[in-house]
Amino acid sequence: MSGVSRESSALMKLKSKAVDIIEEKQLEDLLNSGKKLRIKIGIDPTAPLVHIGHLVLILKIREFQELGHQAYVIVGDFTAKVGDPSGRSSLRPRLSDEEIEENTKIIMEKFLRFLDKNRTQIYFNSDWLSNINLSQIIDLSSKVTVSQILGRDDFRKRQEEGKPLYVHEFLYPLLQAYDSVVIKADIELGGTDQLFNLLLGREMMKSFGLPPQVCITLPLLEGLDGKLKMSKSYGNYISVDDKAEDIYGKIMGIPDELITKYAKLLCNFEEKEIEELKKIHPFEAKSEVALRITELLKGKEEAEKAHQWFNKVIRMRGTPDEIPEFEVSYGTILQKVLKELGVVKSVSEATRLTESGGIYINGEQVKEKLYQLKKGEYVVRVGKTKFIKLRVKEDS
RNA sequence: GGGGAGGUGCCGGAGCGGUCAAUCGGGCCCGGCUGUAAACCGGGUGGCCCCAGCGCCUUCGGGGGUUCAAAUCCCUCCCUCCCCA
């Protein structure tokens, strides 16, 4: 295989999954230049969470790293400190330095599970943003119009919904753009919702006399509900730290239509494989994808276990192999025990569960609102997935 | 500066003196069914009580007040949105 064709297949791979590439020709030239490229990606340190929506980006960065390029992770600590009412919420968490540092540490640990440590550099944008002065800010602001910024989806939405929109928020995209100037990014990656911000970075670099960055956007992954983008605030995410069973199970719960998207974005399925996936039974297809993604996050062994667990417990309504065991005294009320063990939040909840038939002892539905435990050993099932084993002894 | 509309449970959004622990939708949970934790259908969704009662306690931005009784009326403070200047 010649050098040229290898190059182009690399380009093909990098281009795959991307929604926008601005400019494609420029990307090609950069890749052909033989230069070690600076790949920028921004992260938000407000919560120590990495979910599989992020993973789409992370995997793309890794592809660049595999070609020898360098990842520049920019931690948006400056905005986190000032408070950013982003998205739907108008709540502005102001994090302390310690919290940000802690969150960043946790986030990066998760990122580095998938990235090449030696080709990853971390920067905090407060390093340069906290010393910026007013004339620089005004200078930056003069590069964009209000309607450009209002064109951003989340801003416009809030405007339309009559939700507060603060002036300082208009600055954030500018600051993010300025980050690109500082680190002299060659390429910036982001979700499709970031396109505007990425392009602003491009413009900003030009006006600072730098070669503009290439902007690459990747699709946003829909969350478990199948509609909204995966995010913490919607609670529709799969964390990379979820238990293998939960990862597997959550994927089994996504709407069928989403299977191919997950397969493509997270398992790197090619067109051909996607077609195959469409042909087989949705349940089989989903199992396959669930297994792959669980494997990606937790390794083969864990994934295999999760697969078996799902079939046994969810599908067959069986009992899992490992159940936590507890010892209680004779005559205790089951519902109270469940509350004490933290299986349910309140006794009322346990009562409701009992009424709706969601509590079982050794496979028998519990009917009594206050069930007295007798001597012996019991497997208690609460709802679909919670199991505990109780050893009831004679009270002294 | 002027005028108007609002702040209700996880979210959206009713209620506007008792019948309100608060309609409804979403989410979530349980059950049924199944091909799955999909879809669909049914139920539930503040807490407490081994007297489960038409029981008790804590909720409708914060504080105070009127009343036998307030999410609902009054006062005050805080917050948001819209229009005009």
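Note that these values count all heavy atoms, side chains included, but never hydrogens, waters or copies made by symmetry. Quick note on labels: first sequence line is chain A, next is B, and so on, each numbered from 1.
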Could you state the atom-to-atom distance from NZ of A:Lys312 to P of B:A37 in whole Å?
17 Å
Is the A:His307 ring parallel, tilted or perpendicular to the A:Tyr248 ring (thresholds 30°, 60°)?
perpendicular
Ignoring hydrogens and geometry beyond distance, is a side-chain donor-acceptor pair present between A:Gln176 and A:Tyr178 at under 3.5 Å?
no
Scan nucleotides 51-53 of chain B against the protein and return all N/O pairs shorter than 3.5 Å with their distances rounded to 0.1 Å.
residue: B:A52; atom: O2'; partner: A:Lys369; partner atom: NZ; Å: 2.9

For B:G13 and B:C49, measure between their C1' atoms and round to the nearest Å.
34 Å
Is NZ or CZ of A:Arg62 both nearer than 6.0 Å to the six-membered ring centre of A:Phe114 and within 45° of the ring axis?
no
Rounded to the nearest angstrom, tell me the gap between atom CD in A:Glu349 and atom P in B:C49.
14 Å
Heavy-atom count around A:Glu327 CD within 6.0 Å, excluding the residue itself: above 12?
yes
Using a heavy-atom cut-off of 4.0 Å across all strands, would you classify A:Glu245 as base, sugar-phosphate, or nothing?
base
Within the structure, does a side-chain N or O atom of A:Ser346 lie under 4.0 Å from either OP1 or OP2 of B:C48?
yes
Using atom C1' of each nucleotide, how far apart are B:A71 and B:G18 to the nearest Å?
13 Å
Between A:Gln335 and A:Thr351, the two heavy atoms sitting closest are CG-N, 4.5 Å
Nearest-Å distance, CD1 (A:Ile247) to P (B:A37)?
19 Å
A:Arg317 side-chain N/O to B:G32 phosphate OP1/OP2 under 4.0 Å
yes
Can you tell me how far P of B:G31 sits from NZ of A:Lys386, to the nearest Å?
11 Å
Using the test side-chain hydrogen bond (donor to acceptor under 3.5 Å, both in side chains), find all partners of A:Lys17 that sit at least two apart in sequence or belong to another chain.
A:Asn268
With P as the reference atom in both, quote the distance from B:G42 to B:C60 in angstrom, rounded to an integer.
34 Å
With both distances under 3.5 angstrom, what nucleotide forms a Watson-Crick or G-U wobble pair with B:C81?
B:G4
Would you indicate what A:Tyr248 reaches in the nucleic acid, counting non-hydrogen atoms under 4.0 angstrom: base, sugar-phosphate, or nothing?
nothing
Between A:Lys339 and B:C48, does any side-chain N or O lie under 4.0 Å from OP1 or OP2?
yes
If you draw a 6.0 Å radius around NZ in A:Lys264, do more than 12 non-hydrogen atoms from other residues or ligands fall strictly inside?
no
Distance, rounded to the nearest Å, where A:His307 contributes NE2 and B:U36 contributes P
13 Å
Say whether A:Lys40 and A:Ser180, considering side chains only, have a donor N or O and an acceptor N or O under 3.5 Å apart.
yes
P-based separation of B:G35 from B:G26 [nearest Å]:
26 Å
Within the supplied structure, the quantity of interest is the number of heavy atoms (other residues, nucleotides, ligands) at a distance under 6.0 Å from A:Glu270 CD; does it exceed 12?
no
Determine whether A:Leu195 and A:Val19 satisfy the following criterion, side chain to side chain contact (heavy atoms under 4.5 Å, CB included), listing intermediate values before the conclusion.
CA-CA 10 Å; A:Leu195 180 62; A:Val19 177; over 6 Å; no
I'd like to check the side-chain hydrogen bond (donor to acceptor under 3.5 Å, both in side chains) partners of A:Thr104; sequence neighbours left out, ordered by chain and number.
none
Could you state the atom-to-atom distance from CG of A:Leu228 to P of B:C11 in whole Å?
16 Å
With both distances under 3.5 angstrom, what nucleotide forms a Watson-Crick or G-U wobble pair with B:U45?
B:G27
Pairing check on B:C40: which nucleotide meets the Watson-Crick or G-U wobble criteria with it, both distances under 3.5 Å?
B:G32
Remember a base hit wins even if backbone is also touched, and classify A:Gln372 as base, sugar-phosphate or nothing at under 4.0 Å, heavy atoms.
base
Atom CG in A:Leu338, atom CD in A:Glu340: separation rounded to 0.5 Å?
10.0 Å
Would you mind classifying the nucleic acid contact of A:Gly249 as base, sugar-phosphate or nothing, using non-hydrogen atoms under 4.0 angstrom?
base
Under a 3.5 Å cut-off for both contacts, is B:U67 paired Watson-Crick or G-U wobble with anything, and if yes, with which nucleotide?
none
Need one value for A:Ser348: base, sugar-phosphate or nothing, where a base atom within 4.0 Å counts as base even if backbone is also close, heavy atoms only.
base
Please tell me which of A:Phe283 and A:Leu353 maps to the more 5' nucleotide of RNA chain B, matching each residue to the nucleotide holding its nearest heavy atom.
A:Leu353
Taking only the side-chain heavy atoms of A:Tyr360 (C-beta and beyond), determine which of B:C49, B:G35, B:G32 contains the nearest atom.
B:G32
Which value, in whole Å, describes the distance between the P atoms of nucleotides B:A37 and B:U19?
41 Å
A:Lys345 NZ to B:G47 P: how many Å, rounded?
9 Å
With A:Phe111 via ring-ring contact (aromatic ring centres under 6.0 Å, His included) - residues at least two apart
none
For residues A:Arg202 and A:Gln26, is any side-chain donor paired with an opposing acceptor at under 3.5 Å?
yes
Pairwise P distance, B:C84 and B:C29 [rounded to whole Å]:
46 Å
Would you measure the distance from the C1' atom in B:A85 across to the matching atom in B:C77 and give it in whole Å?
27 Å
Distances for protein N/O vs nucleotides 23-28 of chain B N/O pairs under 3.5 angstrom?
none

Check nucleotides 38-45 of chain B for protein N or O atoms closer than 3.5 Å to its own N or O atoms and list the pairs.
none

Separation of the C1' atoms in B:U67 and B:G17, to the nearest angstrom:
9 Å
In whole angstroms, the gap separating C1' of B:C29 from CZ of A:Arg381 amounts to 14 Å
